Peer 1: 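Below you'll find the structure I mean.
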Amino acid sequence: MIDFLGDWKRSCYCGALTANDIGKEVILMGWALRRRDHGGLIFVDLRDRDGLAQIVFDPEVNVEAHRKAESIRNEYVLAVKGKVAPRPEGTVNPSLKTGAIEVIVTECKMLNRSKALPFTLDEHVEVAENIRLKYRYLDLRRPALRDNLLLRSKVTGITREYLVENGFVEVETPYLSKSTPEGARDFLVPSRINQGQFYALPQSPQLYKQILMVSGFDRYYQVVRCFRDEDLRADRQPEFTQIDCEMSFVDREDVIGVMEALIAKIFKEAKGVDVELPMSRMRYSEAIRRFGVDNPDIRFGLELVELSDIVAKTGFKVFADVVASGGIVKGINAKGCSGLSRKEIDELTEFVKIYGAKGLAYVKMTAEGWQSPIAKFFTSDEIKTIDAAFGAEEGDLLLFVADKPKIVNDSLGRLRNRLAQILKLINDDTYRFVWITDFPLLEWDDEEKRWVAVHHPFTAPMDEDLEFLESDPGRCRAKAYDLVLNGNEIGGGSIRIHQEKIQSKMFRMLGINEEDARAKFGYLLDALEYGTPPHGGIAFGMDRLIMLMIGSDSIRDVIAFPKTQKGACLMSEAPSSVETKQLRELGLKLTVK
RNA sequence: GGGGUCGUAGUUAAGUCGGUUAUAACGCCGGCCUGUCACGCCGGAGGCCGCGGGUUCGAGUCCCGUCGACCCCGCCA
């Protein structure tokens, strides 16, 4: 028998009950998490969005309700009327928020039944993710995932409140937009009305928000979905959400000032964490030199040591040759790791090979000095110099990579994070922010044989570097900035080019000829000629931000309905094939089955 | 495009050197139980060992292929 809701109104959420409610008559509605049937008394943990409350069916209170309770199974939907009572002495459950009280049921409506679940909602059991994804609606009932989405909602709420207070205007930009060649691969949407033509889903609202600055909105924001048709990772989904902002008549310091205060407010109000302002800063060049990467985790040391000059003139050919041919040699002092086994060091070697390193030289610092396969190639003076560079002491393990700069920095930068994990140097409750500034504007792409924008083609060069834009592009720095949290880039932005002449020059530098520039970005170039104010902005990757706030290492934990690594939704079974009729209407013909 | 890990009741796992009836816990079903809270006790049902092929007298176990999930490189801010 299924009961109707009738005129019952819920009086409060289950998790909201406290000792202050004792004696009150309440109506609760929710799901039966567990039933404990003692033959006489029946206990049910009733769960809703807010939490749990124990409800008690006593045959001496209401026989009919008790009989109904005998048929309750997991996840049945109930509405109960009853009285809040203190639990008898000795039966208080201190591990439960509502553990001091219970609701003695006087009347019960069974609003719906549930099939036996494909997996338990108990948090004690880890269930395979493909099953959780297929039954996402059940997985979302589990407190962990539910709380993640509640936190996410809180963060967007705080963000909107803060940005509106600070004069930002929320404007929605199109999802059906124009394909752009630079950057990530676009998701395409065929146009039925214009057969053979396609919209692109935006990788970001970049050009729209700049044009809103041309329009004079002064400050824009949007919590906006963005799309990139690239391969997925633990922290990458094909659609993701950005907190997207743009401001007029500002320089870098204005943007950073407003935005770091936003992040601090989010952490304070959503997580109770105080973030010290202003946040620390580091130039790109310094980040690469000390940490090998542009997203350094500054919660621990293990900094990279530059050794190229020292080893260039030594008898160790491998190192000397690398330096002679334009490469570099850097190292990490893994403090106190001289006890690592051969196997463990081999594993570290395999690890750096992932990032292109050919090998990992090592030195164990023992009481007798260097213990190392490469020790014989160095004089005792050279060893002293290298020890000094590392600050090496007995018990340390020195690790070296010699290769092209990019490979050395990349592999050692990643190895540094890995070592910190192994050595347990990372405190999960610490949040260390750092702004990375002074990025290079352009980077030479060896495969495409052209310069490519490090940030994007609309980023302004630094005023003092403008003169090098054509003569020495690699030397030109950008007015760009990234915010890095615990080694993860959570946002990035820049001051934009607001003069048409410089923007056109930029396109030329990127090897985009005038015709292409007109075809792809003509509307931006046109707009720039009608009184564009200096402007700049930033976008935060909201999914990744929330993920770091909850300490998860999967972005799927903060997205209600995420995709698998092959881009599938296991619940809805998207993507799927479509009717021939639909293809015909779009003027499309498939070449694959 | 490439490298790696995994796939056994509904779920989580075990399954030895290839050996005859594939285990356990939880869940499920039935019964009992008036203070439990991951309740307890008794009984029961439940399996195309991801799928396809091969080797073998014999395959959950070995080999090849394939599908799927996850992690990573490339790719991607």
Side-chain angles (χ1 to χ4, degrees), chain A residues 33-46 52-61 66 70 73-75 85 87-96 98-99 102 104 114-135 138 182-186 203-204 206 226-238 240 242 294-295 350-357 407 410-411 414 418 436 439 447 452-456 459 480-484 488-494 538-541 544 553-554 556 563-566 568 570:
Chain A
L33 178 66
R34 264 186 292 269
R35 180 187 59 134
R36 293 178 293 277
D37 185 343
H38 289 246
L41 288 177
I42 295 174
F43 302 94
V44 171
D45 291 335
L46 195 67
L52 280 189
Q54 173 166 277
I55 59 176
V56 185
F57 296 87
D58 186 337
E60 287 167 20
V61 173
H66 180 265
E70 286 177 333
R73 294 293 180 272
N74 285 350
E75 298 305 303
R87 294 202 186 181
E89 217 178 312
T91 66
V92 168
N93 183 350
S95 59
L96 198 62
T98 59
E102 60 193 8
I104 310 298
S114 167
K115 295 211 296 189
L117 267 50
F119 57 88
T120 175
L121 300 189
D122 272 339
E123 304 269 348
H124 321 279
V125 184
E126 288 242 348
V127 180
E129 198 170 6
N130 53 341
I131 296 163
R132 292 172 45 205
L133 287 171
K134 178 173 178 191
Y135 299 96
L138 299 180
E182 292 284 306
R185 187 180 295 115
D186 286 320
Q203 299 170 26
S204 94
Q206 182 61 33
C226 302
F227 305 86
R228 285 174 194 157
D229 190 5
E230 296 291 347
D231 286 359
L232 284 68
R233 285 285 194 287
D235 61 352
R236 254 161 45 189
Q237 284 273 306
F240 58 98
Q242 288 191 344
D294 64 0
N295 56 348
E350 288 309 307
F351 181 80
V352 294
K353 281 183 179 170
I354 296 172
Y355 304 98
I407 289 176
D410 225 36
S411 57
R414 306 291 192 117
R418 172 81 170 208
I436 307 297
F439 281 81
E447 279 185 15
V452 295
V454 168
H455 199 71
H456 57 52
T459 297
Y481 32 82
D482 277 2
L483 182 58
V484 172
N488 297 273
E489 185 209 319
I490 59 167
S494 61
I538 195 165
F540 292 100
R544 209 172 285 181
D553 46 22
S554 170
R556 297 181 298 278
K563 305 278 191 287
T564 68
Q565 198 163 43
K566 289 195 77 182
L570 297 183

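In this text the structure is predicted, and so the values were computed from the model without any measurement. These numbers come from the heavy atoms of this one structure, side chains and all, not from hydrogens, waters or symmetry mates. All chains are named by letter (A, B, ...) in the order of the sequence lines, taking the proteins before the strands, and each is independently numbered beginning at 1.
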Peer 1: Identify whether any heavy atom of A:Arg236 sits under 4.0 Å from a base atom; if not, whether one sits that close to sugar-phosphate; answer base, sugar-phosphate or nothing.
Peer 2: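 It contacts base atoms.
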Peer 1: Would A:Asp231 and A:Arg236 pass as an ion pair if we require N to O under 4.0 Å?
Peer 2: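 A salt bridge is absent here (no side-chain N lies under 4.0 Å from a carboxylate O).
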Peer 1: Would you classify A:Pro88 as touching base, sugar-phosphate or nothing, given that sugar-phosphate means primed atoms plus P, OP1 and OP2, and contacts are heavy atoms under 4.0 Å?
Peer 2: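 If one applies the 4.0 Å heavy-atom cut-off, A:Pro88 turns out to touch a base.
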Peer 1: Side chain of A:Val127: nearest nucleotide among B:C72, B:U11, B:A69?
Peer 2: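 Of the options given, the side chain of A:Val127 lies nearest B:U11.
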Peer 1: Find the distance A:Ile55:CD1 to B:G35:P and express it as a whole number of Å.
Peer 2: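 Spelled out: CD1 on A:Ile55 to P on B:G35 is 18 Å.
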Peer 1: Ignoring hydrogens and geometry, is there a side-chain-to-backbone donor-acceptor pair from A:Arg185 to A:Asp229 under 3.5 Å?
Peer 2: yes
Peer 1: Watson-Crick or G-U wobble partner for B:A24, using a 3.5 Å limit on both distances?
Peer 2: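 Paired with B:A24, as far as the under-3.5 Å criterion goes, is B:U12.
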Peer 1: Using purine N1 to pyrimidine N3 plus N6-O4 or O6-N4 for Watson-Crick, or N1-O2 and O6-N3 for G-U wobble, both under 3.5 Å, which nucleotide pairs with B:C57?
Peer 2: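 Pairing partner: B:G19.
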Peer 1: Would you indicate what A:Asp186 reaches in the nucleic acid, counting non-hydrogen atoms under 4.0 angstrom: base, sugar-phosphate, or nothing?
Peer 2: nothing
Peer 1: With side chain to side chain donor-acceptor pair (under 3.5 Å) as the rule and sequence neighbours excluded, what pairs involving residues 118-131 of chain A come up?
Peer 2: A:Arg34-A:Asp122, A:Glu129-A:Arg556
Peer 1: Enumerate the protein-to-nucleotides 38-42 of chain B contacts in which both atoms are nitrogen or oxygen and the separation is below 3.5 Å.
Peer 2:
{"from": "B:C39", "atom 1": "OP2", "to": "A:Arg34", "atom 2": "NE", "distance (Å)": "2.9"}
{"from": "B:C39", "atom 1": "OP2", "to": "A:Arg36", "atom 2": "NH1", "distance (Å)": "3.1"}
{"from": "B:C39", "atom 1": "N4", "to": "A:Asp37", "atom 2": "O", "distance (Å)": "2.4"}

Peer 1: Report yes or no: is there a donor-acceptor pair, N or O only, under 3.5 Å between the side chain of A:Asp231 and the base of B:G74?
Peer 2: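 Yes.
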Peer 1: Taking any strand in view, what nucleotide pairs with B:G43 in a Watson-Crick or G-U wobble way, both distances under 3.5 Å?
Peer 2: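 Paired with B:C29.
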